Amino acid sequence: MVSKHIFLIGYMGCGKSFWGKAIADSLAYDFIDLDELIEKREGLSIPEIFEQSGETTFRERERLALESLSALKMPAVISTGGGTPCFQNNMDRMNAMGETLFLMASPAVLKQNILKSSSVRPIVQTIPENELEDYIANHLEERLPFYQQAHLSVNVDGLNLEDLKQLFR
Ligand code: S3P
């Protein structure tokens, strides 16, 4: 079994928090949602940080929150934000701190999950619904070179916990 952090990475709506919690429960690890950690540290919601200080400041806070995880005594499962691996050398940082798992999903599935979710996501908030799938397809293409640096990748289509657990045996 791994004794380092496990980072879940992938585009918004791919299920990082859902699968992260499930893996953490099954391995008896702590679960940390990086966005929630940033919100706690800053005393502001993610949309508020974007609105008040802009994306560049958010990315800085995101890197600082990620770095703070190296001080944890116990390994944890961490769900990251969709953009975390794509800024500030974070992909190298996560690969050095633990195991990284990329959750792949199609633009159609990502769109459905984003629309179903109650989370406010500043990056896609202003994209009209009829343009969302194309936007995601293009944006995902830009982000793939970062996501593909993960140690492990799985397609979320038909994914089950038993398959995921096998990856960390
Ligand atoms: C972002 C994804 C969000 C959050 C922020 C920026 C992105 O996290 O970190 O709104 O750039 O893809 P989720 O992937 O959990 O929605």
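Just follow the structure's listing: the first ligand is 1, and inside any ligand the first atom is 1. Since the model is a prediction, treat every value here as computed from it, not as a measurement.
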Worksheet item: Of the non-hydrogen atoms in E39 and I46, which two are nearest, and what is the gap between them?
Response: OE2-N, 2.9 Å

Worksheet item: N/O of G83 under 3.5 Å from N/O of ligand 1, yes or no?
Response: yes

Worksheet item: Of all the heavy atoms in P122, does at least one lie under 4.0 Å from an atom in ligand 1?
Response: yes

Worksheet item: In terms of hydrophobic clustering (I, L, V, M, F, W, Y; side-chain heavy atoms under 4.5 Å; direct or indirect links), are V154 and F102 co-clustered?
Response: no

Practice prompt. Quick one: look up the protein heavy atom nearest atom 15 (O) of ligand 1 and list residue, atom name and how far away it is.
Written response: D35 OD2, 3.5 Å

Practice prompt. Using non-hydrogen atoms of the residue, decide whether R143 is closer than 4.0 angstrom to ligand 1.
Written response: yes

Fill in: Where ligand 1 meets G81 - atom numbers and elements under 4.0 angstrom, heavy-atom basis
8 (O), 9 (O), 14 (O)

Fill in: Shortest protein heavy-atom distance from atom 16 (O) of ligand 1, along with the residue and atom involved
R121 NE, 2.6 Å

Discussion item. Below a 4.0 angstrom heavy-atom separation, can you tell me which part of Q125, side chain or backbone, both or neither, approaches ligand 1?
Written reply: neither

Discussion item. Tell me whether K40 is salt-bridged to E36, with the criterion being a basic N under 4.0 Å from an acidic carboxylate O.
Written reply: no

Worksheet entry | Flag for T84-N90: side-chain donor and acceptor within less than 3.5 Å | no

Worksheet entry | Protein heavy-atom partner closest to atom 2 (C) of ligand 1 - residue, atom, separation in Å | G82 N, 3.3 Å

Discussion item. Do D163 and N160 pair up side chain to side chain, a donor and an acceptor below 3.5 Å, judged on atom types alone?
Written reply: yes

Discussion item. Check for me, please, whether L8 and L27 land in the same ILVMFWY cluster - side-chain distances under 4.5 Å, paths through other members count.
Written reply: yes

